[in-house]
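Let me begin by presenting the structure, written as structure tokens, before commenting on it.
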There are 2 protein chains.
Amino acid sequence: MEAEGEPGSERRRTSATAAVTLSEVASRAGVSVSAVSKVLRGTAAIRVSPETRQRILDAAQELRYRPNFAARALQAARTQVLGLVVPDLTNALFTELMHGVEDGAAAHGYTVLLGRLDTDRPQTEVIARLLGEGRVDGLVLQATDGVDPDSLDQLLDPRAAVVLINSVASGRASSVTVDDVGGARTATEHLVSLGHTRIALAGGLPTSYTAQRRRRGHQEAMRAAGLVPREDHETALGYTAEQGREALRRLLRLDPRPTAVVVANVNAAIGLLAEAHAQGVDVPGELSVATVLDSWTAENTWPPLTAVRMQFYAMGERAVASVVRRLEDGAMTEEVVLDPPPELVVRGSTVPPRT
Amino acid sequence: MEAEGEPGSERRRTSATAAVTLSEVASRAGVSVSAVSKVLRGTAAIRVSPETRQRILDAAQELRYRPNFAARALQAARTQVLGLVVPDLTNALFTELMHGVEDGAAAHGYTVLLGRLDTDRPQTEVIARLLGEGRVDGLVLQATDGVDPDSLDQLLDPRAAVVLINSVASGRASSVTVDDVGGARTATEHLVSLGHTRIALAGGLPTSYTAQRRRRGHQEAMRAAGLVPREDHETALGYTAEQGREALRRLLRLDPRPTAVVVANVNAAIGLLAEAHAQGVDVPGELSVATVLDSWTAENTWPPLTAVRMQFYAMGERAVASVVRRLEDGAMTEEVVLDPPPELVVRGSTVPPRT
DNA sequence: GTGAAAGCGCTAACAT
DNA sequence: ATGTTAGCGCTTTCAC
């Protein structure tokens, strides 16, 4: 606002690409770069007279000064960027996680860089590039579900700030996990409380860490209710809609059929439900369906799916908090998101069994 | 591999955080930094003897050298990062777009930084920061649907490399748009071809650019079939599931009722379908439902939704191609993705009208 | 209170 | 064919 120094015409000079630099601000304010630097970033605001300070602020303002990201990053050896690496961008669930990561990152002053996990190129490469080239300060990494934990172990530099999502590598990386056991337990308990006794489980792949934990939760709830989890009532096909469909087909071959099923994943549950329609199976009349994991899609199926909301958003936030902590005081932690507990949302797909 | 120069002990010095630099490689190979720089980035590979070259390559290899991102970015005034800014990370459709952007970016040697669009903070700020601080070279920007085009106009620096998704700002930014007109037309044509004549439209907000275009497509198809689009057969409530439900309620009050409806968005269609169930309306018996925009969720509803796949993935790819072009030869373009045309996917929710 | 200068790691123009 | 050097824009001692 203050007219000062240079003629007005000079101002318009700043062209398209040419960004305003610190020294331009300095010369406009008639001070040194270091003074500008100090003032602009608040450091040692003290050792500058109020007038100089104001002059600098004005100059920066008028010139629309923006600190150059690369220069700062180079100097600080910090980018304030976190990498988010996931196997499948198209998954509706990942969306929630990403959202949590995004919000968490913003809250801590970081931005998020998306990492690609090519199926072909080894995950190692991605990680090495992101971290090794200093493109990011830390990494939130969701390994492909069902990936060999040992190989994961291999590729993790224990000194790097990486947090694993829904898998663990003790001593090599931090981890944040959703409460899979509790989630599955909740779903099964709900079915039990409705009076079901023949409760099947449409689970994920046996190699999957989350699938194992959800299975455990299911079995715990069964046993707690005095029921015996039956081997043939369990499938372990996977988390996709198609795999959910296949799970239903298998369950239908059983005699007697289960009266209820816990599906370990919404996507699979939606597929299973669609297949039930296709096969003329009445849900919930003949078969109650409860799913672990909720998403908006679950409430718009017919009947709407009873689901257990898992805290993916919170997990994303925690994951960021975890890397940031690691970055700041080197702490490596393993955490299960228990706090907002898995939340049962009863909708139309579950009712008491027919008598 | 070549034992050369420094004692072996020296090697292990490199600690956790300390990244290997060019000069370390240089001294290990016994050459100058510039030689290493040239060789490692392939430039002028010529003016170096094969032996030196090999020595450098080996040294870099052994030291696991990685070029520092910030240093390169500073020097080149380029980050090879593209910003992706969208209003809602949680939208299933955005997911496809993001995927296309990701793939496109990777193909062009860029990575993707997620931009936040706080509802509170002005979009200006986000853009200014990302571009102004040089965190990204260009921007793929999806303005909030229904945002005032003029205000968008305001905040766009016409010199910046930004491409708009599904909205336009002629002369200020490039744009890539999905074929909304064609998509809606296709959906309506399908219904017409089944023999429907009372075809309603559950549209998006009137201010929305896409909604306007989809409405146009619908009307075009109606007129082409000799039908008159009726004002009272159109709602313009919005794209969410809840708004789809409301649209159905309104349509049900009509007399005579439409026998078919084109919904301008999957999410709304899913809501509309769920509401139909809730109201005991038989789909497709009493009402055929076709939706513009497809997603995997549409095929798992009951009945599965007939939908028109819009090319969001392709749009993402094109958007990246567009920014890259702009970055390289300054070209500003406006493009409609016509090439993979909107694709009709007939599923169970549409049948001929009852006689 | 303010400024000069070194240096973060890299590239490119310019010697040799 | 190889090396020297001057920055890129910023932060940060260290002098004055």
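Model, not experiment: these values are computed from the prediction. Each chain gets a letter, A, B and so on, in the order its sequence line appears, and its residues count up from 1.
The phosphate of C:dA12 has OP1 or OP2 within less than 4.0 Å of a side-chain N or O from B:Arg41. The phosphate of D:dT4 has neither OP1 nor OP2 within less than 4.0 Å of any side-chain N or O from B:Ser32. Distances shown here put every side-chain N or O of B:Ser23 at or beyond 4.0 Å from the OP1 or OP2 atom of C:dC10. For A:Ser49, a side-chain nitrogen or oxygen approaches OP1 or OP2 of C:dT2 to under 4.0 Å. The side chain of A:Arg72 places no N or O atom within less than 4.0 Å of a non-bridging phosphate oxygen (OP1 or OP2) of D:dG9.
Put simply, CD on B:Glu24 is 13 Å from C1' on C:dC8, counting in whole angstrom units. Atom CD of A:Gln54 is separated from atom C1' of C:dG1 by 17 Å (rounded to the nearest Å). One interatomic measurement links the two molecules: CZ of B:Arg55 to C1' of D:dA1, which rounds to 12 Å at whole-angstrom precision. A straight line from CG of B:Leu40 to P of C:dC10 spans 9 Å, rounded to a whole angstrom. Rounded to an integer number of Å, the gap from CZ of A:Arg66 to C1' of D:dC8 is 20 Å. Between B:Leu74 atom CG and D:dG9 atom C1' there is a gap of 6 Å when expressed in whole angstrom units. Taking atom CD of residue A:Glu133 and atom P of nucleotide C:dC10, one finds them 10 Å apart after rounding to whole Å. Between the CG atom of A:Leu63 and the C1' atom of D:dG9 there is a distance of 15 Å, rounded to whole Å.
Distance from the side chain of B:Leu22 is smallest to C:dT11 among C:dG9, D:dC10, C:dT11. Looking at the side chain of B:Thr21, the nearest of the listed nucleotides C:dG3, D:dG9, C:dC10 is C:dC10.
Place B:Ala35 and B:Ala71 on DNA chain D by their nearest nucleotides, and B:Ala35 ends up nearer the 5' end. Toward the 5' end of DNA chain C, the nearer of the two residues A:Thr52 and A:Val33, judged by each one's closest nucleotide, is A:Thr52.
Between the side chain of A:Gln75 and the base of D:dG9 there is no donor-acceptor pair of N/O atoms closer than 3.5 Å. Contact of A:Lys38 with C:dG3 (side chain to base): a donor-acceptor pair of N or O atoms is detected under 3.5 Å. Within 3.5 Å, a donor on the side chain of A:Ser34 pairs with an acceptor on the base of C:dG3, or the reverse.
Using a 4.0 Å heavy-atom criterion, one finds that B:Arg78 contacts no nucleic acid atom at all. B:Tyr65 comes within contact range of the sugar-phosphate backbone alone, with a heavy-atom separation under 4.0 Å but no base atom that close. At a threshold of 4.0 angstrom between heavy atoms, the contacts of A:Ser37 include nucleobase atoms, whether or not backbone atoms are also involved.
Counting only heavy atoms from C-beta outward, the side chains of B:Ser170 and B:Glu334 approach each other to under 4.5 Å.
In this structure, B:Thr52 OG1 and B:Arg55 CZ are separated by 5.0 Å, a value rounded to the nearest 0.5 Å. One distance of note links OH of A:Tyr209 with CG of A:Leu164; it measures 10.0 Å at 0.5 Å rounding. Summarising the geometry, atom CZ belonging to B:Phe69 is positioned 9.0 Å from atom CD belonging to A:Glu133; distances are rounded to the nearest 0.5 Å.
The shortest heavy-atom contact between A:Thr79 and A:Arg135 is OG1-O, 3.5 Å. The two atoms that bring B:Val112 and A:Leu113 nearest to each other are O-CD1, 3.2 Å, heavy atoms only.
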